[in-house]
Amino acid sequence: ACWGDEVLEAPRLAKFCEDAEDFILTSPSGVNRLLYVGWIGDHLALVQDYVDAPNLEKHLREQTLAWTDSRCVASFLSQLGTIVVELHSGGRAHGDLKPSNILVVSTEQGLKPLLVDFLDFGPADEGLIRTTAYSPANDTGTRERDRFAVIKIAEEMLAACELDATAAS
């Protein structure tokens with residue numbers, strides 16, 4: 001278990017389970033669907049839809065040709081930004097957004113982002129889980145981290161992608 005005394009941690013555990021139940025009931029757009037939260041022995045268990053798709057980090061590395069179309073890149077980044085704005089409007093934030101927490105789902109309409117690893121529960125003395133490469137130096141909260149991460153991811157994608165000539169115009 002990733003907590004100490006259950007009596008002392010009970011409020012945090014209850015809040016985590018409430019947040020998970022809220023996700024089950026509301027299924028926010030652009031976030032992998034959560035199906036179940038519960039206890040297995042002395043562990044928390046989250047069950048999500050299985051999505052057979054690579055994360056953004058892997059897709060950028062292995063499917064470079066897919067990212068040469070400037071419209072594809074712009075559409076993907078726009079969708080990612082929209083997902084984050086809608087989450088924030090609904091009072092939610094990912095808090096640890098990074099390429100490995102974004103799946104790239106192929107659809108008939110093109111590539112779509114799907115956020116994963118939305119809910120994390122860790123030891124209280126370690127604080128909130130975050131990735132420093134995708135967080136501002138003066139971290140002020142989860143929404144700020146999400147916005148910073150979207151800009152950082154866009155910057156990295158635009159630098160790594162060999163965009164076609166239409167990107168310059």
Shortest non-hydrogen contact from [X] toward [Y]:
| X | Y | value |
| --- | --- | --- |
| A66 | H59 | CB-CE1, 3.9 Å |
| D117 | N101 | OD2-OD1, 3.0 Å |
| P28 | L87 | CB-CD2, 3.8 Å |
| I24 | S27 | O-OG, 3.8 Å |
| N55 | P99 | CB-O, 3.7 Å |
| A149 | Y134 | CB-O, 3.6 Å |

For the atom pair [atom1] ([X]) and [atom2] ([Y]), what is the distance rounded to the nearest 0.5 Å?
| X | Y | atom1 | atom2 | result |
| --- | --- | --- | --- | --- |
| S78 | R71 | OG | CZ | 15.0 Å |
| C17 | L46 | SG | CG | 8.0 Å |
| R61 | L56 | CZ | CG | 10.5 Å |
| N32 | Q48 | CG | CD | 4.5 Å |
| S135 | K152 | OG | NZ | 11.0 Å |

Is the shortest distance from a Lys or Arg side-chain nitrogen in E144 or R147 to a carboxylate oxygen in the other one below 4.0 Å? yes
Can a salt bridge be assigned to the pair D19 and R92 using a cut-off of 4.0 Å between side-chain N and carboxylate O? no
Is the shortest heavy-atom distance from the side chain of [X] to the side chain of [Y] under 4.5 Å?
| X | Y | answer |
| --- | --- | --- |
| K58 | L60 | no |
| E21 | V37 | yes |
| F148 | D146 | no |

What residue among L103, T82, V84, I83 forms side chain to side chain contact (heavy atoms under 4.5 Å, CB included) with P113?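 Among the candidates, only I83 passes.
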V105, V104, V73 screened by side chain to side chain contact (heavy atoms under 4.5 Å, CB included) with L111, the one that passes: V104
Counting only N and O atoms by type, is there a donor-acceptor contact under 3.5 Å from the side chain of [X] to the main-chain atoms of [Y]?
| X | Y | result |
| --- | --- | --- |
| H94 | V116 | yes |
| D49 | L35 | no |
| T26 | D22 | yes |
| R145 | G95 | yes |
| T68 | L65 | yes |

For side-chain contact (heavy atoms from CB on, under 4.5 Å), just list the numbers for V47 and L34, CA-CA rounded to whole Å, side-chain angles, deciding distance to a tenth of an Å, and then say yes or no. CA-CA 6 Å; V47 178; L34 186 59; 5.9 Å; no
Hey, is CG on L25 packed in by over 12 heavy atoms from elsewhere, all under 6.0 Å?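 Correct, the count exceeds 12.
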Are M157 and L77 close enough, and set up right, to give a side-chain contact (heavy atoms from CB on, under 4.5 Å), and what steps lead you there? CA-CA 9 Å; M157 286 181 71; L77 291 171; 3.5 Å; yes
Between W67 and L114, is there shared hydrophobic-cluster membership here, with clusters defined by ILVMFWY side-chain heavy atoms closer than 4.5 Å?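 Result: no, two separate clusters.
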Mutual orientation of the aromatic rings belonging to F23 and F118 [parallel < 30°, tilted 30-60°, perpendicular > 60°]: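 Rings of F23 and F118: tilted, as their planes differ by 30° to 60°.
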